[in-house]
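All remarks here apply to the structure that follows.
Keep in mind the model is a prediction, meaning the values are calculated, not measured. Below, chain A is the first sequence line, B the second, and so on; all start at residue 1.
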There are 2 protein chains.
Amino acid sequence: MTKQRKLVLDIVENSCNHLTAEEVFFKAKEEMPNIALGTVYRNLNILVDEGLLRRLTIAGHPDRFDNTRIEHEHLICKNCGKLSDFRIEGIKEKLKEASQENVQSYELNAYYICEDCCNQEVM
Amino acid sequence: MTKQRKLVLDIVENSCNHLTAEEVFFKAKEEMPNIALGTVYRNLNILVDEGLLRRLTIAGHPDRFDNTRIEHEHLICKNCGKLSDFRIEGIKEKLKEASQENVQSYELNAYYICEDCCNQEVM
DNA sequence: ATCAAGAATAGGAATTATTCCTAAAATAAA
DNA sequence: TTTATTTTAGGAATAATTCCTATTCTTGAT
């Protein structure tokens, strides 16, 4: 655990948003001005592999990163991309049961149109 | 519904695999040798927006496309990327309930290590 | 059918997110 | 402390996808 990796982990864990690699990079630069973008990407990948962070992949958008302390699902506005969290109890067990496999992790994204976009009529 | 769009739709609907845009493109070329890759992408996007196809986004892999006739979830090997389907009854209703929003679509990917990869020891 | 208007296409350039490469620096091991 | 291993910074390369433009299709009204 190098200091760069620790920094990346801290930034993601202490952010209430779901940050992109680039956002993590800019925050990291505030503390370590010459950290490289590649380093951020590499460490994010390592941290995800180790299970310390979760990756959130949404079509057409860059990946976002999330802490793993509380399992949760994501609700995404189809129109503006706004992202929020919600929970479904016991989903992981359901997945294991339904798939008959040892599910290690999962990603559950629900798409809707948020209120703001609904009210804009034109889309 | 142009003939290009119809062809793209037919290819995805009549394939039991989950095809990438490029795979759709090569299949489409067999019927229409000078269809353009951009046309395939554009039409896949339109068909997804119209709800006629589903998009399947997996981190680090190109998007895949799926027919929508039967709602189903995806089981993905973390190691080799092997992809299979499974079902969870009534998940969409659960999502609406849990999120308190009008969920229009969702994507549920479960990750595991497939038997082949398990047996290979080295990963 | 003929024509005009709008939409879709082919082909290729451009963009974007991400990974890969390499030499230098840091860390760990002996 | 010397050696071996890992990681880094910086930038080039890659891959998937979108964007651009001139041309071709459709379509619907006359």
Describe the nucleic acid contact of A/Arg42 in one word from base, sugar-phosphate, nothing, applying a heavy-atom distance below 4.0 Å.
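Contact class for A/Arg42: base.
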
In one Ile/Leu/Val/Met/Phe/Trp/Tyr side-chain cluster, 4.5 Å: B/Ile46, B/Phe65
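Per the 4.5 Å side-chain linkage, B/Ile46 and B/Phe65 are not co-clustered.
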
Atom pairs and distances, side-chain donor-acceptor, residues 52-63 of chain A, under 3.5 Å, sequence neighbours left out:
unit_1: A/Arg54; atom_1: NH2; unit_2: A/His72; atom_2: O; d: 2.5
unit_1: A/Arg55; atom_1: NH1; unit_2: A/Asp63; atom_2: OD2; d: 3.2
unit_1: A/Arg55; atom_1: NH2; unit_2: A/Asn45; atom_2: OD1; d: 2.8
unit_1: A/Thr57; atom_1: OG1; unit_2: A/Asp63; atom_2: OD1; d: 3.3

Mapping A/Arg5 and A/Pro33 onto DNA chain D by nearest heavy atom, which one lands closer to the 5' end?
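Between the two, 5'-proximity favours A/Arg5.
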
Can you name the residues that form a side chain to side chain donor-acceptor pair (under 3.5 Å) with B/Glu22, not counting sequence neighbours?
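Not a single residue meets the side chain to side chain donor-acceptor pair (under 3.5 Å) criterion with B/Glu22.
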
Distance under 4.0 Å to a non-hydrogen atom of chain A counts as contact; along DNA chain D, which nucleotides mark the start and end?
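That gives a stretch of D/dT7 to D/dG10.
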
Rounded to whole angstroms, how far apart are [atom1] on [X] and [atom2] on [N]?
X: B/Gln4; N: C/dA10; atom1: CD; atom2: C1'; value: 9 Å
X: B/Glu50; N: C/dA8; atom1: CD; atom2: P; value: 10 Å
X: B/Leu37; N: C/dT9; atom1: CG; atom2: C1'; value: 13 Å
X: A/Met1; N: C/dA26; atom1: CE; atom2: C1'; value: 17 Å
X: A/Leu19; N: C/dT18; atom1: CG; atom2: P; value: 13 Å

Is a donor on one side and an acceptor on the other found under 3.5 Å between the side chain of B/Arg87 and the backbone of A/Ala98?
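Checking the backbone N and O of A/Ala98 against the side chain of B/Arg87, no donor-acceptor pair under 3.5 Å is found.
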
Would a distance-only check, ignoring hydrogens and angles, find a side-chain to backbone donor-acceptor pair under 3.5 Å from B/Lys94 to B/Glu89?
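No, B/Lys94 side chain to B/Glu89 backbone: no donor-acceptor pair under 3.5 Å.
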
Filter on side chain to side chain donor-acceptor pair (under 3.5 Å), then keep only pairs touching residues 2-19 of chain B, sequence neighbours left out; what's left?
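Every pair satisfying side chain to side chain donor-acceptor pair (under 3.5 Å) with a residue in residues 2-19 of chain B: B/Arg5-B/Asn43, B/Lys6-B/Asp10, B/His18-B/His74, B/His18-B/Asp85.
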
Validation row: [X], [Y] side chains within 4.5 angstrom (heavy atoms):
X: A/Lys96; Y: A/Asn102; answer: yes
X: B/Lys78; Y: A/Ser105; answer: yes
X: B/Glu97; Y: A/Phe86; answer: no

Which one of B/Leu108, B/Ile76, B/Asn109, B/Leu75 satisfies the side-chain contact (heavy atoms from CB on, under 4.5 Å) criterion with A/Tyr106?
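Looking at B/Leu108, B/Ile76, B/Asn109, B/Leu75, the match for A/Tyr106 under the side-chain contact (heavy atoms from CB on, under 4.5 Å) is B/Leu108.
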
Nearest 0.5 Å, please: how far is CD in B/Glu71 from CD in B/Glu73?
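CD of B/Glu71 is found 7.5 Å from CD of B/Glu73.
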
With 3.5 Å as the limit, what N/O pairs link the protein to nucleotides 14-17 of chain C?
none

Take the C1' atoms of the five end pairs on each side of the helix from C/dA1-D/dT30 to C/dA30-D/dT1, get both axes, and report the angle to 10 degrees.
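Here the helix ends are tilted 40° relative to one another.
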
